[in-house]
Amino acid sequence: MTQSPPATPTPRKLFVNLAITDLVRTTAFWKRLGFAFNQQFTDEKNATCMILSEEAYVMWLVQPFFQSFTKRQICDTATASEALLCISAESRDAVDELVHTALAAGGSPAMPKMDMGFM
């Protein structure tokens with residue numbers, strides 16, 4: 001008697017929610033890096049929804065709005081790390097270009113340049 005393979009689960013969507021101080025500046029920064037936004041989850045005051053894929057999104061929420069979803073204190077990212085996020089790229093040259101664009105858009109380096117091989 002053979003068993004049927006397990007059913008493939010329905011893909012779930014992931015919404016990573018991050019607190020920000022400036023919605024316009026954050027949106028402009030990520031647009032400059034080539035990301036699109038889902039207008040269904042975006043407004044001019046509280047939040048914007050950056051599309052990573054059909055199944056993954058980043059919700060950029062201004063701090064007072066973010067605070068309405070939690071009783072915990074918001075992390076001061078000037079002195080502490082809130083999250084480590086990684087974005088894939090097709091090549092080392094593509095990584096370098098993405099970093100260059102991010103710095104030109106107002107970002108700042110978190111660490112010195114590293115080469116982690118396949119990563």
Side-chain angles (χ1 to χ4, degrees):
M1 179 170 170
T2 60
Q3 291 183 338
S4 299
T8 303
T10 302
R12 294 182 186 214
K13 294 192 183 301
L14 173 68
F15 292 85
V16 175
N17 293 268
L18 298 171
I20 58 172
T21 57
D22 188 325
L23 186 61
V24 172
R25 188 170 153 223
T26 299
T27 303
F29 177 83
W30 290 102
K31 280 184 177 179
R32 191 147 173 210
L33 293 180
F35 288 91
F37 291 79
N38 181 330
Q39 295 306 309
Q40 180 182 3
F41 299 107
T42 296
D43 65 34
E44 295 181 12
K45 182 180 175 190
N46 294 308
T48 191
C49 178
M50 185 173 80
I51 302 167
L52 297 176
S53 73
E54 290 183 25
E55 307 299 339
Y57 306 85
V58 175
M59 295 296 303
W60 299 106
L61 309 176
V62 293
Q63 287 183 350
F65 189 57
F66 182 96
Q67 191 69 64
S68 71
F69 294 100
T70 182
K71 293 180 181 179
R72 293 184 177 206
Q73 190 172 18
I74 295 174
C75 176
D76 177 2
T77 57
T79 59
S81 294
E82 179 180 34
L84 296 176
L85 306 172
C86 303
I87 301 169
S88 65
E90 294 180 11
S91 67
R92 178 61 201 218
D93 288 339
V95 170
D96 291 341
E97 181 61 29
L98 188 62
V99 170
H100 174 75
T101 302
L103 294 174
S108 58
M111 298 282 291
K113 188 174 182 178
M114 295 184 276
D115 188 341
M116 312 250 337
F118 73 95
M119 295 183 359

Residue set satisfying side-chain contact (heavy atoms from CB on, under 4.5 Å) with A83, at least two apart, ordered chain then number -> L18, L85

Salt bridge (charged side-chain N to carboxylate O under 4.0 Å, His left out) partners of residues 58-83, not counting sequence neighbours, each pair once:
none

For T42, give me all partners under side-chain hydrogen bond (donor to acceptor under 3.5 Å, both in side chains), at least two apart in sequence or on another chain.
T48

With hydrophobic residues grouped by side-chain heavy-atom distances under 4.5 Å, do V24 and M50 end up in a single group?
no

Pairs in or reaching into residues 45-58: which pass salt bridge (charged side-chain N to carboxylate O under 4.0 Å, His left out), with residues at least two apart or in two chains?
K13-E55

Scan for salt bridge (charged side-chain N to carboxylate O under 4.0 Å, His left out) pairs involving residues 16-43, sequence neighbours excluded, and state none if there are none.
none

Run the side-chain contact (heavy atoms from CB on, under 4.5 Å) test against A89 and tell me which residues pass, sequence neighbours left out.
A94, V95

Rounded to the nearest 0.5 Å, what separation is found between the CG atom of D93 and the CG atom of L98?
12.5 Å

Using side-chain contact (heavy atoms from CB on, under 4.5 Å) as the criterion, list what pairs up with Q73, not counting sequence neighbours.
none

Step-by-step side-chain contact (heavy atoms from CB on, under 4.5 Å) determination, C49 to Y57
CA-CA 6 Å; C49 178; Y57 306 85; 3.7 Å; yes

Distance in Å, T101 OG1 paired with L33 CG, rounded so as to fall on 0.5 Å steps
6.5 Å

Q63 and I74 have their tightest heavy-atom pair at O-CD1, 3.5 Å

Let me check something: do I87 and F29 share a hydrophobic cluster, defined by ILVMFWY side-chain heavy atoms less than 4.5 Å apart, either directly or through other members?
yes

Please state whether the rings of F41 and F15 are parallel, tilted or perpendicular, taking 30° and 60° as the class boundaries.
perpendicular

So CD1 of I51 and CG of N38: to nearest 0.5 Å the spacing works out to 5.0 Å

Output, in order, the C-alpha distance, side-chain angles, deciding distance and verdict of side-chain contact (heavy atoms from CB on, under 4.5 Å) for L61 and I20.
CA-CA 6 Å; L61 309 176; I20 58 172; 5.7 Å; no

Which residues pass the side-chain contact (heavy atoms from CB on, under 4.5 Å) test with M114, sequence neighbours left out?
M111, M116

Using the salt bridge (Lys or Arg N to Asp or Glu O under 4.0 Å) criterion, which residues pair with E44? Sequence neighbours excluded.
none

Sorted by chain and residue number, the salt bridge (Lys or Arg N to Asp or Glu O under 4.0 Å) partners of D96 (sequence neighbours excluded) come out as R92, K113

Give every residue pair that meets the ring-ring contact (aromatic ring centres under 6.0 Å, His included) criterion with at least one member in residues 59-78, sequence neighbours excluded.
W30-W60, F65-F69

Transitively linked via ILVMFWY side-chain contacts under 4.5 Å: L103 with F35?
no

